[in-house]
Amino acid sequence: MSRRAAAIAFLLPAVLYVLVFFGYPLVYNILMSVRDYSVRSFYTGEAPFTGLANYIAALGNPVFVTAALNTVWFTVGSIVFQFGIGLALAVFFNGRFLGSSTLRALLLLPWLLPLVVSGAVWRWIFDQDHGVLNTALRLVGLPAIPWLTDTGWALPAVILTNIWIGIPFNLVLLHGGLRAIPVSLYEAAALDGAGPWQRFRNVTWPLLRPVTGIVLMLGLVYTIKVFDVIMVITGGGPANATQTLTTFSYSLSFHDFAFGQGAAVGNVLILAAMVFGFVYLRSSAREPLA
Amino acid sequence: MTALSSMIASLNKTLGRPAAALTLVLALAACGSSAGTANSITELDYYTDQQGSAAWQKVLDTCSKQAGVTVQRQTVPTDQMLPKILQGASSRSLPNLVFTDNPTVQQIASTGALTPLSDYGIATDGFYDSIVNAGTYQGKVYGLAPGVNGLALLYNKDMLAEAGVEPPRTWDELKAAAAKLTKGPRYGLAFSAIPSEEGTWQFLPFFWSNGADLSAVDSDKAVRALEFVSGLVAGGSASKSVLNWNQNDVADQFVAGNAAMMINGSWNLARLDGEKALHYGVVPIPTPAAGGSPTVALGGEIGVIPATGQAAQQSAGKVLSCLLSPDVMASWDAGHAYVPSKKDVAEKFGQQYPNMRSFVTEVATARSRSAELGEKYPKVSQALATAVQAAITGSQSAEQALKQAQQAGGS
C-alpha cells in the first residue's frame, strides 16, 4: 500500500500538470467553439450556446479551404525537404574530419534563433527589389522572382524558410541515431564487399528507423502548427496565399473577433494532429523493440 | 500590493472566473480602503519604438509627479495589445490605465470593463470631434487621447527638384509625379498594403477622399479608389513589395532613397529629422479632384480607465487628466510628432512646427474608423485589407475583390 501511495505521489505532479496546462485549455477551446464568444464574453462570461454554428461558419468560409490546402502543402513540403537534407547532412557529419563538430554546431544556428528573428531576416532576403536572393539571381543572369508579392510564389517562399529552420532539428536527432549504430556493423558490411549506398540501405536505414519515426512525427506536429514564421514573413498574405489553419484561426480570433470560429478552426487542427499521432502510436507499438 | 496583485492575476489565470470574483473581494479587503486614492497604478501602452517610448516615459514621469502617484509602466508590441487586454478582462487583472489604438476602444468598451471619464471630471471641451467620437461608446465618453495622428504625403525635396516635379495635390498629379520620379532602382511612391489594420489604414484616405463609405465597400467610388492605388503598382510607380512593407519599412525605403515619396504618418518625422542628408517636405494626401480636402483615418492611442476598484481608478483619472492637460499634451506631441488633440493647442503647434502643418490641417477633417460601424469595424477592415492585396497582386480585379470583401465583412 505504501508503494502504491508512493507511486501515486510520483504520478500526481505530472497528472496535475497535464490537466492544468493541456486538459483545461483543450476543454475550454472545445467549449468556446460551440458558443458565441465575443470580446464582451471575456469580461462578462456570457457566451450563448450555439451548437455547431461556429464550425459551419468557419468551415464554410472560402478561406478555410485555401488555408487547409496550404497547411497540407506547407507540412508535406517542409517535412520532405528538412528530413531529406537533415539526413544527408547527418550522414555527412558522421564521417570524422577536421572541423566536423564545429561545422555541425554552426548549422544549429537557425534552430537557436527565435522564429520571429528568422522570419524578419528572411522577409528581407526575399525582398523583391533589394533582397539578397534576387540580387544573386540577377548576378547570374536569371530573372528576379516575386517571392512574397505573387500569390503563386509566396507559399513556396515560406516553406523554404521553414525548411531552413527545420534542418538542424532533423540533423541533430538523426546524427544522434547514427552514432548509436555500432561501427562493427559497417566494418562487417565492408568486409562483405558492400559499397557506400548498400551500407546505407542495409545497415544505416533499417537501424535508424526508430529515430526516423520519432523525427518525422515530431516534425509533423511542429510543422502543422507553425505560426510565427508565416505571420512575420507574410501575415498570411498576399491575398490569403499563405494563410494556413493556424494563421486563419488567429485572424478569425484577433482580427475579426470571432473567437468561437477561431476556436473551431483550432480544434480542426488539433484533430488532424491527433489522427497522425494515433497512426504513429499504433505503428510503433507493432514494431518489435530493437 | 504588487506582489499580491500579480499573484492574484496568475491565480486567476489558472482558476478562472469564479475564483477571480472571490480574489477581487479579497484584494479589496486587503487594500483596506475603497475610498481615497491608490499610491501606485499600472499603465499599459504599445510605444515600443525608441523615440516614442522615451517621449512617453517623460510625460508619464511628469504626470506621476504631478498626481503624486507611482506609475508602473508595461509596454507590449502593438499586435499583443488586444490579447493582453482580453486576458486581463477575463481574469479581472486589467491595468489601471490603458492606452490603446482608437478603433479598439469600441470593442473594449462593449465588454463593460471601462468606466466613463465623467467619473473623474474629465471633460471633452476643446477636443476634436473625431477623437471624442472614437472614444465614445453608446453615448458615453470612455477615453480621450493626448495626441492624434494621420497620414500625409512625404516627399524628398532634392529628388522632386531634380526631376522638376511639384508636390502633387490631386490623384492625376500624384500618378504623373510617381511615374516621373521612378528611375532605376528608385520608385516614385511607397506605401504599406500589408494584410492587417495597417494596410486598411493606409488605404482609407484614398477610399474616403473619393466619397466611398465603409457600409458599402464595393461601391463604384470604392472600386475607383482601389483601382487608383493598385494602378500605381501595376504601372511600376510603386514596388510590389508594398504588400509586405509595414509603415516602418516604408520609412526605411524613403530614408534609403529607394522611394521619392511616401504615404506615412507624422510619428516618423522625429526620425526623418535625424537624417541630416535628407531634405523632406510634407503635403496633405492628394485628393481625387483639385481643391478638395482629404479625409484621412484618425490615428492615435486613447487612454481608458478600466474598472479596477475606486481607489486605483481615481488615481488613474488624476494621471490621465494630467496627460490631457495642454502643456503635457504639447510636450508628448512634440516628442513623438503627434498632433495635439485639442484644437487650440494643435493650431499653435502647427505654427511652431512647420512640417506638422499638413497633419494639423488633416486632423480637422479626419474620420474615426469605428464611427460608421462601431464594433463591426474590425471585420470589415480585415476584409478590406485582403481586397487591397488581391487587387495589387492582380489575382482579382478591384471590383471582384471589393465585392468579395463586402460579402466577407457583411456576413
Side-chain angles (χ1 to χ4, degrees), chain A residues 16 19-21 24-25 28 37-46 57 60-63 116 120 123-124 126-131 134-135 144 146-154 157 231-243 247 250-259 261, chain B residues 14 16-18 79 82-83 85-92 94 104 106-108 110-113 185 187 193-197 199 233 239-246 249 253 256 258 307 375 378-379 381-383 385-396 401 404 407-409 411:
Chain A
L16 265 179
L19 279 181
V20 171
F21 291 100
Y24 177 74
Y28 200 77
Y37 218 97
S38 65
V39 174
R40 203 173 291 124
S41 312
F42 278 91
Y43 193 72
T44 60
E46 288 162 23
N61 191 324
V63 181
V116 176
R123 196 160 68 94
W124 282 108
F126 284 130
D127 187 88
Q128 193 171 353
D129 307 308
H130 309 285
N134 277 350
T135 309
W147 295 105
L148 302 178
T149 57
D150 184 276
T151 45
W153 276 104
M231 217 54 204
V232 172
I233 299 183
T234 62
N240 290 326
T242 56
Q243 203 78 264
T247 57
Y250 177 85
S251 171
L252 283 172
S253 295
F254 291 106
H255 287 154
D256 291 0
F257 302 120
F259 294 97
Q261 289 186 37
Chain B
T14 17
R17 291 202 54 255
D79 57 346
L82 205 73
I85 292 173
L86 294 176
Q87 196 186 20
S90 70
S91 62
R92 294 292 191 274
L94 280 164
T104 61
Q106 303 283 324
Q107 296 290 337
I108 305 169
S110 79
T111 65
Y187 288 96
I194 57 172
S196 69
E197 179 59 28
V233 178
S239 170
K240 263 202 156 188
S241 298
V242 297
L243 293 164
N244 308 117
W245 288 340
N246 64 32
D249 300 326
Q253 295 293 328
N258 295 328
E375 289 172 69
K379 201 173 176 186
S381 157
Q382 188 56 26
T386 306
V388 172
Q389 287 222 316
I392 290 178
T393 57
S395 61
Q396 278 181 317
Q404 201 168 313
Q407 279 165 4
S411 65

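Numbers restart at 1 for each chain; the letters A, B, ... are given by sequence-line order, proteins then strands.
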Using 0.5 Å steps for rounding, measure from the OG1 atom of Thr386(B) to the CD atom of Gln243(A). 7.5 Å
Just so I know, are the side chains of Leu243(B) and Leu148(A) near enough to count as touching, which here means a heavy-atom distance under 4.5 Å? no
Minimum-distance pair of heavy atoms, taken over all atoms of Thr149(A) and Lys240(B): CG2-O, 3.2 Å
Could you give the distance from CD (Gln253(B)) to CG (Asp127(A)), rounded to the nearest 0.5 Å? 6.0 Å
Among His255(A), Arg123(A), Gln128(A), which residue has the highest count of heavy-atom pairs closer than 4.5 Å to chain B? His255(A)
Counting only non-hydrogen atoms closer than 4.5 Å, does Leu252(A) touch chain B with its backbone (N, CA, C, O), its side chain (CB onward), both, or neither? neither
Taking the side chain as every heavy atom from C-beta outward, state whether Phe257(A) and Leu82(B) have any pair of such atoms under 4.5 Å apart. yes
Counting heavy-atom pairs under 4.5 Å to chain A, which of Val242(B), Asp249(B), Ile392(B) comes out on top? Asp249(B)
Is any side-chain heavy atom of Trp124(A) closer than 4.5 Å to a side-chain heavy atom of Asn244(B)? no
Cut-off 4.5 Å, heavy atoms of chain A, and the answer for Glu375(B) is side chain
With a 4.5 angstrom heavy-atom cut-off, is it the side chain or the backbone of Ser251(A) that approaches chain B, or both, or neither? side chain
With side chains defined as the heavy atoms from C-beta onward, is the minimum distance between Leu86(B) and Phe254(A) less than 4.5 Å? yes
So, the part of Ser241(B) with a heavy atom under 4.5 Å from chain A: the answer is both
Looking at Gly236(A), Pro238(A), Gly235(A), Gly237(A), which has the largest count of heavy-atom pairs under 4.5 Å with chain B? Pro238(A)
Got a donor-acceptor contact below 3.5 angstrom from the Arg92(B) side chain to the Tyr43(A) backbone? yes
Segment of Gln396(B) engaging chain A (4.5 angstrom heavy-atom cut-off): neither
For Asp79(B) versus Tyr250(A), what's the shortest heavy-atom pair and its separation? O-OH, 3.7 Å
